[in-house]
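So the structure is just underneath, and the comments pick up after that.
What's counted below: heavy atoms across the whole structure, side chains too, no hydrogens, waters or symmetry copies. First listed ligand is number 1; within each ligand, the first listed atom is number 1.
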Amino acid sequence: MKDVKISDSVIYVGVDDKTIDLFESQYVVPNGVSYNSYIIKDEKIVLMDTVDKRATDEWLENINKVLGEEKIDYLVVSHLEPDHAYNIKLICEKYPNMIVVGNKKTFDMFPQFFDTDIENRKLVVSEGETLNVGTHTLQFFMAPMVHWPEVMVTYEQSEKILFSADGFGKFGALDTDEDWTCEARRYYINIVGKYGAQVQQLLKKAATLDIKMICPLHGPILKENLEFYINKYDIWSSYRPEDDGVLIAYNSIHGNTEKAVKKLAEILEEKGAKKVVLSDLARDDMAETIEDAFRYDKMIVASPTYDAGLFPYMEKFLRHLKHKNYQNRKVGIIENGSWAPMAGKLMNELIGSLKDITICNPVITIKSTMNDETIKQFEELADNILK
Ligand code: FEO
């Protein structure tokens with residue numbers, strides 16, 4: 001069992017998963033992911049969430065090590081997504097007197113996942129309600145769409161711990177030694193990014209609580225400098241750029257567009273860009289590129305025309321940005337087309353449909369390979385986007 005110290009009475013029973021190929025069947029997680037689950041030991045024993053089916057055996061062993069013959073009195077269901085809820089049926093069978101704690105939406109959705117009859121053993125809680133389990137008191141706050149409609153977070157009043165569901169989560173197993181911000185940002189933007197307004201609502205509720213520790217459902221327990229993490233969430237969920245920099249997201253079929261954007265990157269740097277990041281949409285991790293799009297205040301997209309349309313990876317990228325509510329940024333557009341270029345028009349339409357986007361002039365057309373005129377236009381675009 002992972003040696004994760006929370007407190008004498010709040011014990012970590014979660015599991016690291018380092019063999020999963022894709023989280024949510026789409027995100028690469030080179031350092032795995034953790035499914036966090038916690039036990040609160042008091043006059044009553046509370047289990048905070050279960051874990052993914054991939055982690056069942058180790059999780060049961062962890063619970064057994066902590067509880068032995070003792071029985072769980074309450075299971076709090078923060079979130080019904082199967083990476084946390086898969087083992088509800090099993091744990092209900094193992095502890096037949098255990099009460100399942102959730103909100104109305106939890107129990108409305110419950111039968112979609114489980115055929116377990118919990119009618120006589122469910123406790124429906126609503127906003128601000130408390131559950132006393134001895135010296136500990138759990139208070140529940142609804143967090144709809146952070147990341148599903150039934151999500152709720154739990155504040156434990158005596159130790160001032162916020163059990164934050166997916167909020168403040170991060171990719172990466174718990175024993176991974178890596179920067180929190182990068183993988184927490186990639187996690188947040190890609191998984192919860194669409195629901196900034198709802199995260200802002202939750203942050204407003206959190207601001208009324210005296211929080212000493214945050215226990216999320218993925219990633220490390222946050223114990224110090226909580227303002228840092230809360231501030232990051234405030235930036236991300238309000239769609240404010242985090243850093244001054246330019247993401248150049250491009251596709252290149254035979255290397256000509258790539259050569260051109262590398263030249264553009266040089267020009268941007270010469271003109272004082274603080275940071276320029278190049279991302280090949282066909283080869284680099286799309287989730288990381290989406291993360292960078294949100295991180296920086298400026299983005300330039302460059303794509304060849306393909307089948308009289310947009311190169312498929314660019315199309316996918318821009319559609320992802322729309323899904324995630326990308327907004328409030330400066331954007332430059334470069335198309336390449338050896339005959340009948342269309343990519344610029346299509347990128348313009350997709351980007352133009354986003355909120356508060358400033359498209360910087362000139363929109364540039366490269367005909368196969370860059371030339372002196374292209375470089376002149378790059379200079380102009382660089383001046384305008386850096387203004
Ligand atoms: Fe980690 Fe939305 O589940």
Side-chain polar contacts of residues 359-369 - donor-acceptor pairs under 3.5 angstrom, sequence neighbours left out - could you list them?
from: T365; atom 1: OG1; to: E335; atom 2: OE2; distance (Å): 2.7
from: S368; atom 1: OG; to: S338; atom 2: OG; distance (Å): 2.8

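- Between the side chain of D73 and the backbone N or O of I45 there is at least one donor-acceptor pair closer than 3.5 Å.
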Anything under 3.5 Å between a donor and an acceptor, one on a side chain of residues 257-265, the other on a protein residue two or more places apart or in another chain? List them.
from: T257; atom 1: OG1; to: N336; atom 2: ND2; distance (Å): 3.0
from: E258; atom 1: OE2; to: Y250; atom 2: OH; distance (Å): 2.5

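- Around atom 2 (Fe) of ligand 1, protein N, O or S atoms at less than 2.8 Å comprise H79 NE2, E81 OE1, H147 ND1, D166 OD2.
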*Please lay out, stage by stage, how W59 and Y35 fare under the test ring-ring contact (aromatic ring centres under 6.0 Å, His included).*
CA-CA 9 Å; W59 174 68; Y35 312 113; over 10 Å; no

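- Under the 4.5 Å side-chain heavy-atom criterion for Ile, Leu, Val, Met, Phe, Trp and Tyr, Y187 and Y296 are members of the same hydrophobic cluster.
- Residue pairs satisfying the side-chain hydrogen bond (donor to acceptor under 3.5 Å, both in side chains) criterion with at least one member in residues 143-154, sequence neighbours excluded, are listed as follows: H79-E150, E81-H147, H147-D166.
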